[in-house]
Visitor: 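This is the structure I want to talk about, given as structure tokens.
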Amino acid sequence: MAGEVRQQIDIAALEKYIQSNVPEIVTPISVKQFGYGQSNPTYQLTDSRGSKYVMRKKPPGKLLSKTAHQVEREFRVLKALQTTDVPVPKVYCLCTDDAVVGSAFYIMEFLDGRIFVEPQMPTVSPAERTEMWHDAVRTLAKLHRIDPASVGLSTFGRPSGFYNRQIATFTTLGKTQSEAVDVETGEKVGAIPRMNELTSFFRDTTNQPKDRGVPIHGDYKIDNLVFHKTEPRVIGILDWEMSTIGHPLSDLANLIAPWTISAFSMERQHSHPEFGPNPTLPGLPTRDQCLTWYREVAGWDPRPDLGWGVAFAFFRDSIIFQGIAARYAVRQASSPIAKKVGQERTPFAELSWVMVERTRKERESQKSVRAKI
């Protein structure tokens with residue numbers, strides 16, 4: 001829900017820009033800020049007719065990383081997908097002039113639907129729950145079967161070497177973020193556990209999945225989806241700042257994370273008993289069912305490489321949580337729960353290492369079986 005503006009903007013300057021560049025919006029406007037959007041502050045704009053729109057902007061001040069907060073990339077991919085069967089909000093403008101509201105921003109349509117913070121969707125019927133998860137998986141698979149060149153995204157990212165680039169990016173982020181100093185305590189955020197061992201494993205190309213170059217979201221999960229108000233279908237995917245051309249396993253591992261995380265611990269971020277060994281909520285699909293749904297639409301089977309993909313997803317999440325901790329340290333994080341979320345960086349790094357060891361054992365076992373044959 002949108003409420004009090006925590007990070008102030010120059011509304012008069014924004015109205016002047018809108019008058020010249022976005023004729024669909026009739027000024028004056030009123031402004032509220034959404035509670036979500038820890039990375040990029042997100043605002044609800046209501047014009048003089050009562051029509052609602054959404055503005056996403058970079059955080060104010062000096063940014064810790066040039067690879068994060070890329071609202072320009074969000075705008076580009078949203079615009080490219082407007083004519084596909086992947087549901088996305090309509091975009092109206094991109095402004096890269098920091099003088100307007102202090103940093104780059106874009107404006108898109110407000111999707112009047114349902115957003116579920118809890119992936120088990122406790123307030124819907126069993127039949128709806130099944131079909132909403134089905135459509136979430138189906139929507140992801142539709143995104144992954146798009147040819148980047150067909151929608152003008154051939155230069156949005158390189159078609160190969162995705163995981164090597166991810167490793168380089170998150171290694172650099174991890175080093176930069178670890179040096180962030182809390183403005184009150186003077187303490188550094190620090191590196192995640194087993195950073196060197198994790199990156200060494202992931203860099204080994206003999207372990208990596210086969211390259212697949214498709215549009216990926218970068219943070220695909222239930223609370224980044226908007227569902228229709230009354231129908232069990234996705235009407236929009238939000239929060240595209242980490243999108244690129246890359247390996248679809250990255251998005252899929254992120255979507256099924258509630259099952260993966262809950263198999264290890266009920267104390268971690270994104271875990272829930274309904275995704276654990278003994279679920280009781282009717283209509284919630286299994287992880288295997290989601291993988292089957294995905295394979296049917298995407299046209300490839302992710303199961304052989306899933307262990308590696310999950311291990312990397314945990315590593316990536318640990319660096320993302322570290323980034324939230326770093327932004328909180330310098331008080332750039334826009335969410336009031338940023339401090340708590342940032343503390344998840346350590347346990348997620350430990351989960352990544354558990355998956356690395358498990359994946360190694362599984363592959364050694366497979367090699368042993370093939371050798372006997």
Visitor: Given the rule in the salt bridge (charged side-chain N to carboxylate O under 4.0 Å, His left out) test, do R233 and E131 qualify, once you have shown the distances and angles that lead to the verdict?
Guide: CA-CA 7 Å; R233 60 183 176 89; E131 185 51 33; over 6 Å; no
Visitor: State plainly whether the residues E350 and R194 are in salt-bridge range, i.e. N to O under 4.0 Å.
Guide: no
Visitor: For a quick check under 3.5 Å, do R56 and T42 share a side-chain donor-acceptor pair by atom type?
Guide: yes
Visitor: Can you confirm if the aromatic rings of F314 and W353 lie within a centre distance of less than 6.0 Å?
Guide: no
Visitor: Compare all side-chain heavy atoms of V54 with those of I107 and state whether any distance is below 4.5 angstrom.
Guide: no
Visitor: Do the side-chain N and O atoms of T206 and D204 include a donor-acceptor pair separated by under 3.5 angstrom?
Guide: yes
Visitor: List for me each residue that meets salt bridge (charged side-chain N to carboxylate O under 4.0 Å, His left out) alongside K32, sequence neighbours excluded, and say none if there are none.
Guide: none
Visitor: Measure the acute angle between the ring planes of F170 and F315, then classify it against the limits of 30° and 60° as parallel, tilted or perpendicular.
Guide: perpendicular
Visitor: Looking only at side-chain N and O atoms, does E74 offer a donor or acceptor that is under 3.5 Å from a partner on Y106?
Guide: yes
Visitor: Going by side chain to side chain donor-acceptor pair (under 3.5 Å), Q120 matches just one of R129, H272, E274. Which one?
Guide: H272
Visitor: If you measure only the distance, is there a donor-acceptor pair under 3.5 Å linking the side chains of Q208 and N164?
Guide: yes
Visitor: Just to verify, what does L225 make a side-chain contact (heavy atoms from CB on, under 4.5 Å) with, not counting sequence neighbours?
Guide: A136, Y220, I222, F227, V234, I237
Visitor: Tell me whether the NZ or CZ atom of R73 lies within the 45° cone about the ring axis of F75 and under 6.0 Å from its centre.
Guide: no
Visitor: Verify whether the ring centers belonging to Y43 and F34 lie closer than 6.0 Å.
Guide: no
Visitor: With no hydrogens and no angle check, do the side chains of S103 and K57 hold a donor and an acceptor under 3.5 Å apart?
Guide: yes
Visitor: Quick one: does L14's side chain get under 4.5 Å of M55's, heavy atoms only?
Guide: yes
Visitor: If we count only N and O atoms by modelled type, under 3.5 Å, do the side chains of Q177 and Q322 hold a donor and an acceptor together?
Guide: yes
Visitor: With a 3.5 Å cut-off and no angle check, do the side chains of R316 and N254 form a donor-acceptor pair?
Guide: yes
Visitor: Do the ring planes of F105 and Y17 sit parallel (below 30°), tilted (30 to 60°) or perpendicular (above 60°)?
Guide: perpendicular
Visitor: Any side-chain heavy atom of L238 sitting closer than 4.5 Å to one from V226?
Guide: yes
Visitor: For F110 and Y53, I'd like to know if the aromatic rings sit close, meaning centre-to-centre distance below 6.0 Å.
Guide: no
Visitor: Going by heavy atoms in the side chains, are R345 and V189 under 4.5 Å from each other?
Guide: yes
Visitor: How about T292 and R303: does a side-chain donor come under 3.5 Å of a side-chain acceptor?
Guide: yes
Visitor: Going by the rule side-chain hydrogen bond (donor to acceptor under 3.5 Å, both in side chains), which residues pair with H144 if we only count those two or more places apart in sequence or in a different chain?
Guide: D251, Y294
Visitor: Taking atom types as modelled, is there a side-chain donor on T155 or R76 under 3.5 Å from an acceptor on the other?
Guide: yes
Visitor: Looking only at heavy atoms, which two atoms of S262 and M266 are closest? And how far apart?
Guide: O-CE, 3.4 Å
Visitor: Kindly give the heavy-atom pair with the smallest separation between L45 and I18, and that separation in Å.
Guide: CD1-CD1, 4.4 Å
Visitor: Please confirm whether F321 and F348 have ring centers closer than 6.0 angstrom.
Guide: yes
Visitor: With side chains defined as the heavy atoms from C-beta onward, is the minimum distance between R138 and W293 less than 4.5 Å?
Guide: no
